[in-house]
4 protein chains.
Amino acid sequence: MTCDAIVNAAARVLSTEGIDRCSTNRIAEVAGVSIGSVYEYFENKQAIIDAVALRHLDRISSMFDNAIVVLGDNADLQTVVRVLVEAVIAAHGHDVRLHRSLSQEVPLSEHVLRKAEEFKHRTVLSIQRLLGDHLGTSDLSAQIVFDSVDSIVHRWARDCEHKPVPRERLSAELIRLLEGYLTYR
Amino acid sequence: MTCDAIVNAAARVLSTEGIDRCSTNRIAEVAGVSIGSVYEYFENKQAIIDAVALRHLDRISSMFDNAIVVLGDNADLQTVVRVLVEAVIAAHGHDVRLHRSLSQEVPLSEHVLRKAEEFKHRTVLSIQRLLGDHLGTSDLSAQIVFDSVDSIVHRWARDCEHKPVPRERLSAELIRLLEGYLTYR
Amino acid sequence: MTCDAIVNAAARVLSTEGIDRCSTNRIAEVAGVSIGSVYEYFENKQAIIDAVALRHLDRISSMFDNAIVVLGDNADLQTVVRVLVEAVIAAHGHDVRLHRSLSQEVPLSEHVLRKAEEFKHRTVLSIQRLLGDHLGTSDLSAQIVFDSVDSIVHRWARDCEHKPVPRERLSAELIRLLEGYLTYR
Amino acid sequence: MTCDAIVNAAARVLSTEGIDRCSTNRIAEVAGVSIGSVYEYFENKQAIIDAVALRHLDRISSMFDNAIVVLGDNADLQTVVRVLVEAVIAAHGHDVRLHRSLSQEVPLSEHVLRKAEEFKHRTVLSIQRLLGDHLGTSDLSAQIVFDSVDSIVHRWARDCEHKPVPRERLSAELIRLLEGYLTYR
DNA sequence: GATGAATGAGCTTTCATTCAT
DNA sequence: CATGAATGAAAGCTCATTCAT
């Protein structure tokens, strides 16, 4: 309860006020608990930030896992690409401001970065399995598939407030990008 | 002179010690001037960071402009794509650690972000001019061209210390990505 | 039972971890009771420390009393001096680390200091009775007898880890000191 | 100036309010400077305490050195003993409350303890030189001479507020103690 | 312009103590 | 009696900024 309130508060402060205003005292205040309680549940400030990041990563991770499970084993290229693009967009849409803060201004600890790396690795492996026939022999191709979509969506999410590009157009264009890449030559 | 020394020092500290150690006093120390002098030339710390970021952006910007000038008006798709990819890789290679610090840990002010936006807009316009025939009617395509390459190279530069992927393989794969995208359908 | 467990725990933490680590929560943890229980039995932290100190004083005190009882009324100077020196050394040897902590880093309350003063006063009176013939008229002599031995042994106990002087040599030298003092002129 | 003010303030707070109230903020307040200035001159709190202790040690040390220089090389036992006892009493009289605080409640760093050890060692060597003929072969004797006087005077200084023993009587008794020790057998 | 001693708001963290259960 | 989550005052310390020289 209290523990969740603290993580929620930290996520909220990070999203809405940025890391500079995200002091332990502010977190406690927003969580509606005393600063002492914060340190009952977390060893230090970094541990709070890590908890926020891990929870966010978990949510994104399970969105992906679901999408991939839904695809099953025999989906055709078009379907795979579409589902993949939609999953990435959905994942970024989940909590845009928090996502931005976590990926741009917050210093994450090794532990969290490793977890994120593991997530990406798992996802790249899934892509390899799903698109194996269409990829070159190199494992770089699957990475390019993941990174191109992920990073473009990331920028779209970052900028979508002052430069609103409709989600459907983005989706269509990314699908074209991947289909082109995967069928070229 | 003094002003340049300060910006140089800030860039160096940011690159080598990270934003956490980049205090105004440390900047002054590395620049070999007094903290008082720092405030003669810059209104506050943010102004120094902004100056570093703007200078970095200018350098990258002119690297691009040169590449585009070199291309001239009648280059074929293959050439445009290759030059573009190489230019992006070269730009990120210019000062990797500073680039990483500026794009990951440093909070940039609105003013700088707008300048970066302007640079991107100019570049997208150039891409539109160079690749007009191969793009759809929408300006989104040119953005995708730019963002896919830029953001993948960005990640490559970020991760290249512990996961070294040879520059040539990256380049080849990105060229395939763009050629596929631009020739699909 | 619980009360004893708390005092034991406090003594142990004080001896082995020092006053800096001797928080009430740590005491409760080592005692195997909740922090709430600690405050059922003791009004505040100082009261715990005082209990530890008083128990230690009691033990030392009874070691002395025993030694003096053993001496009886008709012991000669040599015997009295020898027994006294041995008693002081034994007392300091009882729980060296706790003794050191209590006498060097722990702030004791008035109440405990008064008790310690009373113990010293009783001991000085015993010395006066035992050595009456060899002392001047002043009670200062008995105090010098006590303090010289007690404080030198105290330093010996404090330093004996890095500068080990054999117990026998210390004892012999202190006996010489007292015999010289008591037979001079 | 500011640096001295800080050390003075720390010494005063330590003497009059004890280590528990001797926070860095209190030191700054008493010194009449801001907390920031304290950290301009001292790396951390321990460094301030150390500076206080070292200054105190220096003063005591030079009082001793003077006394020993005054004695010259050919002083007889009576003179040496008298001057020694007076020097110890004078040293402890210098700043009783600070002395008490430094020796009882303040945790001193290794560096300071080593300096204090060096001072004691130098003094014991001087005693050996001055009293060589009257001491046994062991170096323990010179230490006993020093420690007995030093520690008894230390207690006298500690207690002299509520149990005032005249300085002359203490001096006379200590002289008897040393003369007895040094002439016995 | 240049200096750098001085400032003080605000940070992270600890720990003696309380009180509803 | 026992519990332990919760408290919050206060600690040590940092650093962007100022201003008298």
Side-chain angles (χ1 to χ4, degrees), chain A residues 1-3 5-6 19-29 31-49, chain B residues 1-3 5-6 19-29 31-49, chain C residues 1-3 5-6 19-29 31-49, chain D residues 1-3 5-6 19-29 31-49:
Chain A
M1 204 62 255
T2 300
C3 185
I6 293 164
I19 193 157
D20 284 357
R21 298 247 175 262
C22 187
S23 68
T24 51
N25 283 304
R26 184 85 184 104
I27 292 171
E29 186 187 343
V33 301
S34 78
I35 181 63
S37 291
V38 170
Y39 283 88
E40 282 275 313
Y41 292 95
F42 296 92
E43 211 174 333
N44 51 37
K45 184 180 174 177
Q46 187 64 50
I48 311 172
I49 303 293
Chain B
M1 205 62 253
T2 301
C3 184
I6 293 166
I19 197 169
D20 284 357
R21 299 249 176 255
C22 187
S23 67
T24 51
N25 281 296
R26 182 85 184 104
I27 292 171
E29 187 188 344
V33 301
S34 78
I35 181 65
S37 292
V38 170
Y39 281 86
E40 287 285 331
Y41 289 94
F42 296 92
E43 208 176 339
N44 52 34
K45 184 182 175 176
Q46 189 61 53
I48 310 172
I49 303 293
Chain C
M1 204 62 254
T2 301
C3 184
I6 293 165
I19 197 168
D20 284 357
R21 299 247 175 258
C22 187
S23 67
T24 51
N25 281 295
R26 182 86 184 103
I27 291 171
E29 186 188 345
V33 300
S34 78
I35 181 64
S37 292
V38 170
Y39 280 86
E40 287 286 330
Y41 290 96
F42 296 91
E43 208 175 341
N44 52 34
K45 184 181 175 178
Q46 188 61 53
I48 311 172
I49 303 293
Chain D
M1 206 59 256
T2 299
C3 184
I6 294 165
I19 192 154
D20 284 358
R21 299 246 175 263
C22 187
S23 67
T24 51
N25 282 303
R26 183 84 184 103
I27 292 172
E29 187 187 341
V33 300
S34 79
I35 182 62
S37 291
V38 170
Y39 284 88
E40 282 275 313
Y41 291 96
F42 297 92
E43 212 174 331
N44 51 38
K45 184 181 174 177
Q46 188 63 51
I48 311 173
I49 303 293

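All chains are named by letter (A, B, ...) in the order of the sequence lines, taking the proteins before the strands, and each is independently numbered beginning at 1.
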Send over the distance from A:Asp20 CG to E:dG10 P, rounded to a whole Å.
-> 14 Å
Counting only side-chain N and O atoms of D:Ser34, is one of them less than 4.0 Å from OP1 or OP2 of E:dG8?
-> no
For A:Ile27 and E:dC11, give me the distance from atom CD1 to atom P, rounded to whole Å.
-> 11 Å
Distance col, row A:Glu40:CD vs A:Cys3:SG, nearest 0.5 angstrom, shows 11.5 Å
Rounding to 0.5 Å, atoms CE (A:Met1) and CD1 (A:Ile6) come to a distance of 11.0 Å
Residue-phosphate contact under 4.0 Å: B:Ser37 side-chain N/O, E:dT3 OP1/OP2 = yes
Phosphate-side-chain proximity, D:Thr2 and E:dA6, N/O vs OP1/OP2 below 4.0 Å = yes
Which heavy atom of D:Ala5 sits nearest a heavy atom of D:Ala31, and at what distance?
-> O-CB, 3.6 Å
Involving DNA chain E, stems made of at least three consecutive Watson-Crick or G-U pairs, both distances under 3.5 Å | E:2-21 with F:2-21
Rounded interatomic separation in angstrom, taking CD1 from B:Ile35 and C1' from E:dG1 = 16 Å
Which atom names give the shortest non-hydrogen contact between B:Ala28 and B:Val38, and what distance separates them?
-> CB-CG2, 3.7 Å
Could you identify which residues of residues 41-49 of chain C place a heavy atom less than 4.0 Å from some atom of DNA chain E, listed by residue number, or say none?
-> C:Asn44, C:Lys45
Nearest whole angstrom, please: distance from the C1' of E:dA6 to the CE of D:Met1.
-> 15 Å
OP1, OP2 of F:dA16 versus side-chain N and O of B:Thr24: anything below 4.0 Å?
-> yes
Taking atom C1' of F:dG12 as reference, at what distance in whole Å does atom CZ of D:Arg21 sit?
-> 17 Å
Hey, is the main chain of C:Ala47 close enough, under 3.5 Å, to the side chain of C:Asn44 for a donor-acceptor pair?
-> yes
Starting at the 5' end of DNA chain E, which residue's closest nucleotide do you reach first, D:Asn25 or D:Val33?
-> D:Val33
Report each atom pair, protein N/O against N/O of nucleotides 19-21 of chain E, whose distance is under 3.5 angstrom.
none

